[in-house]
Amino acid sequence: MSLHESVEIPKVVIVGHVDHGKSSLIGRLMYDLGEVPSEKYEELKLVSEKRGMEFEYAFLLDALQAERDQGITIDTTQIFFKTKKRKYVFIDAPGHKEFIRNMITGASSADIAVLIIDGHEGLKEQTKKHAYLLKLLGLDNVICLFNKMDKINYDERKFLKVREKLHQFTTSIGINITATVPVSAKCGDNIVNKSKNLGWYNDKTFCDILDTYDINKDSDKLPLRLPVQDIYKIDDKRVIVGRIETGELKLNDELFFLPSNETVKLKSFEAWPEAKKKYISGDNVGFTIEDQIFIDKGNLISHLTSRPKLMNTFEANLFWLSEKKLKVNKQYLMKINTGEYNIFISQVSKVIDTNNLNSKNSSLSPEKNDVCEVIIHSSQLIPMDDFKDNQKTGRFCILDEEKIIAGGIINLQNFPDQKDVIQTKNIKPVSFSVTEIDRALRFNHRSAIIWMTGLSGSGKSTIAKEIEKKLFLKNYNVFVLDGDNLRAGINRGLGFTTEDRTENIRRTAEVARLFSQAGFIVIVSLISPYISERKKARDIRPEIFKEIFIKASIDECKKRDVKGFYSKAISGEIENFTGISSPYEDPKHPDLILNTEKESIEESVKKLENFIIKEFGMTNNS
């Protein structure tokens, strides 16, 4: 099979200062490789002459982009091209500092990084900033092109002087320059063809370097890291799917799952038309396991040796992208690998000047495009790697209101690995002879977890009491788990911080699971403000879990203020109160909505009663 037939298509990102010739370089490369129709080249050359302008190869890129985008300007351009050896995708990332967010979008998915520097102007602020960004994104093996060599008459001494300055900077931030190539996009020197103007340069052209770049050479040698993307149910099989970030996966491998700390053997690969016996980094894979354990999207799979760490507090280097200032202790959403987690930044330790890598003499509040060192805390345990050990699984991004506001890399040196604290291997749940099916037949209904979520004052407890009474009178085995009652007992001692709220939901879900196994229809009345934590509650018993949104606006709940909490929260007497000083996340796809602002309690109760009987009553579901 030729390399053109290979499914591997490396993604190449090219970054650098706005005027240092990225687009011209790509346009010239495309032209020299025969990727641009000759008539398009002649047309643009003629247009340039008529306008009295010097033709630039960047015009070719602009024309191709305009044709593809039909006049719509995009921020990060993808260009497909091929050499004699293989196919590529080129990501042209904008260089102006206002477009750094888009540069990160491009670079985060790249396999090969190219940094372009004007050989005449040398290093600029944005050159250094982009180099630092490449480091943050895990692209620390970089090809460097020194463009516009024609402007300095191909002078070797000037080239070496700029190269030395670059080497000093990149060494200081831990970037390895794998190749330095003097080029001229304007004249075509050392891009595809060897330059006759650079007799002192005896190494490869840029195109030759691309063709010999092994994008998987480091990933294959690293330990197995496979983030779970999804779990498919196909007939009687549960197929786990994901992309191998590093390492390799073989039949009968013993796999270690985090955050559950469980070990299970790989049973089979599922692929069409025929599965391989081994998969390596970069491969998408589907497989089954021998024992059925709880697995969810975002779990991280490894082998038993060289396992990831499980953390709820860690240090990180952040690149701040938002106009909004970073707020300490504000809840943000962190995306790492395939997982999403609620986090807050508990401390900003340092704000770094990317020009000289010194700390800024300013307040510790990073502004847009600043780099900072922070301590991050999560209420959940997150599987991850130190960035220096595994760049693929040691980087992340942070979102606020569904927008990316920061990207970062992880440092785990100063906080303990939590999986060493959690010991579950000697705990073996006991199976009893009375099954859940036996209980369903006895009570004439199936078990259920009816999880009612909503703001304080929305009517959860009132509806819970009424529905419990109605179902009890119909001989249903039913019980209410109310948030306030639980906090007086099993959840006593938990406060209202993000961490304590998460633990409150977790404990409640576990109690609900036990009640459901005893054959009960469990009515849970709990604010449970976070989507991610309600999803975890659902994942404990997804087949019987129903999320009921008790809907009422914050203004309506303030008017009701049944327990007097809102007035106290507004006056500052109660901290972290949901809807006032702490967020509530509306369910995106609840199983049922009861709008207590528009319907009476009796109407809501009747609607819920009908829903439960339809879903779980044996008469209708036998």
Side-chain angles (χ1 to χ4, degrees), residues 443-487 504-505 508-509 511-512 515-516 520-531 533-535 537-538 541-566 569 577-580 583-621:
F443 301 129
N444 201 33
H445 65 77
R446 294 188 295 120
S447 303
I449 297 175
I450 307 300
W451 192 284
M452 297 199 300
T453 176
L455 291 167
S456 177
S458 59
K460 297 184 303 300
S461 296
T462 303
I463 293 171
K465 285 192 290 186
E466 290 300 314
I467 195 69
E468 181 186 39
K469 188 194 318 181
K470 284 186 175 290
L471 292 177
F472 182 77
L473 292 174
K474 291 180 181 290
N475 294 319
Y476 278 64
N477 200 30
V478 59
F479 190 77
V480 172
L481 294 176
D482 184 80
D484 285 354
N485 293 349
L486 290 166
R487 282 186 175 275
N504 184 50
I505 296 167
T508 303
V511 173
F515 268 87
S516 70
F520 280 80
I521 288 178
V522 192
I523 312 294
V524 177
S525 171
L526 199 68
I527 293 173
S528 44
Y530 308 133
I531 290 174
E533 301 314 306
R534 295 197 299 267
K535 180 184 181 301
R538 178 187 289 274
R541 293 293 309 273
E543 72 281 9
I544 64 168
F545 186 101
K546 299 296 179 182
E547 183 179 49
I548 314 300
F549 181 27
I550 312 302
K551 185 176 181 180
S553 67
I554 185 70
D555 290 336
E556 177 64 24
C557 291
K558 284 180 187 175
K559 287 178 191 174
R560 296 173 184 172
D561 203 7
V562 182
K563 301 174 184 177
F565 290 157
Y566 280 99
F577 189 79
T578 304
I580 303 297
Y584 177 81
E585 299 170 358
D586 287 358
K588 292 182 178 178
H589 305 289
D591 297 289
L592 182 66
I593 297 175
L594 302 178
N595 192 331
T596 61
E597 204 166 346
K598 294 183 177 180
E599 58 194 32
S600 67
I601 290 296
E602 291 76 16
E603 288 172 324
S604 293
V605 170
K606 186 62 179 176
K607 192 185 291 186
L608 181 55
E609 180 186 7
N610 291 339
F611 175 83
I612 293 171
I613 291 172
K614 179 182 176 183
E615 292 289 330
F616 300 100
M618 295 288 277
T619 304
N620 295 326
N621 292 281

Compare all side-chain heavy atoms of [X] with those of [Y] and state whether any distance is below 4.5 angstrom.
X    : Y    : result
D482 : K460 : no
I505 : P529 : yes
I550 : T596 : yes
I523 : I467 : yes
E556 : L455 : no
Y584 : I554 : no
F545 : V524 : no

Give, for atom [atom1] of [X] and atom [atom2] of [Y], the distance between the pair rounded to the nearest 0.5 Å.
X    : Y    : atom1 : atom2 : answer
S456 : D484 : OG    : CG    : 8.0 Å
F549 : N595 : CZ    : CG    : 8.5 Å
I450 : S525 : CD1   : OG    : 13.0 Å
I531 : T453 : CD1   : OG1   : 9.5 Å
E615 : I544 : CD    : CD1   : 12.0 Å
I521 : F479 : CD1   : CZ    : 14.5 Å

Query raised in the report: Given the rule in the side-chain contact (heavy atoms from CB on, under 4.5 Å) test, do I548 and L594 qualify, once you have shown the distances and angles that lead to the verdict?
Result: CA-CA 7 Å; I548 314 300; L594 302 178; 3.9 Å; yes
Query raised in the report: What residues, two or more places apart in sequence or in another chain, satisfy salt bridge (Lys or Arg N to Asp or Glu O under 4.0 Å) together with K606?
Result: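 By the salt bridge (Lys or Arg N to Asp or Glu O under 4.0 Å) rule, K606 matches E609.
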Taking all heavy atoms of [X] and all of [Y], pick out the closest pair and write down the distance.
X    : Y    : answer
S604 : E599 : OG-OE2, 2.7 Å
S458 : G454 : OG-C, 3.8 Å
P587 : E547 : CB-OE1, 3.5 Å
R560 : G459 : NH1-N, 4.3 Å
S447 : F616 : O-CD2, 3.4 Å

Query raised in the report: Can you check side-chain contact (heavy atoms from CB on, under 4.5 Å) on W451 and T508, steps first, answer last?
Result: CA-CA 10 Å; W451 192 284; T508 303; 4.0 Å; yes
Query - Over 12 foreign heavy atoms within 6.0 Å of NZ, K470 - result: no
**Report entry** Worked verdict on F577 versus Y566 for ring pair (Phe, Tyr, Trp, His ring centres under 6.0 Å)
**Finding:** CA-CA 8 Å; F577 189 79; Y566 280 99; 5.0 Å; yes
Query - Working for side-chain contact (heavy atoms from CB on, under 4.5 Å), residues N444 and N475 - result: CA-CA 9 Å; N444 201 33; N475 294 319; over 6 Å; no
Requested in this report: May I ask you to decide if the ring planes of Y476 and H445 are parallel, tilted or perpendicular, using 30° and 60° as cut-offs?
Outcome: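 Ring orientation, 0 to 90° scale: parallel.
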Query raised in the report: If you measure from the Lys or Arg side-chain nitrogens to the Asp or Glu carboxylate oxygens, is any gap between E543 and R541 under 4.0 Å?
Result: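 Answer for the salt bridge query: yes.
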Query - Audit row: I580, K558, side-chain contact (heavy atoms from CB on, under 4.5 Å) steps and yes/no - result: CA-CA 10 Å; I580 303 297; K558 284 180 187 175; 3.7 Å; yes
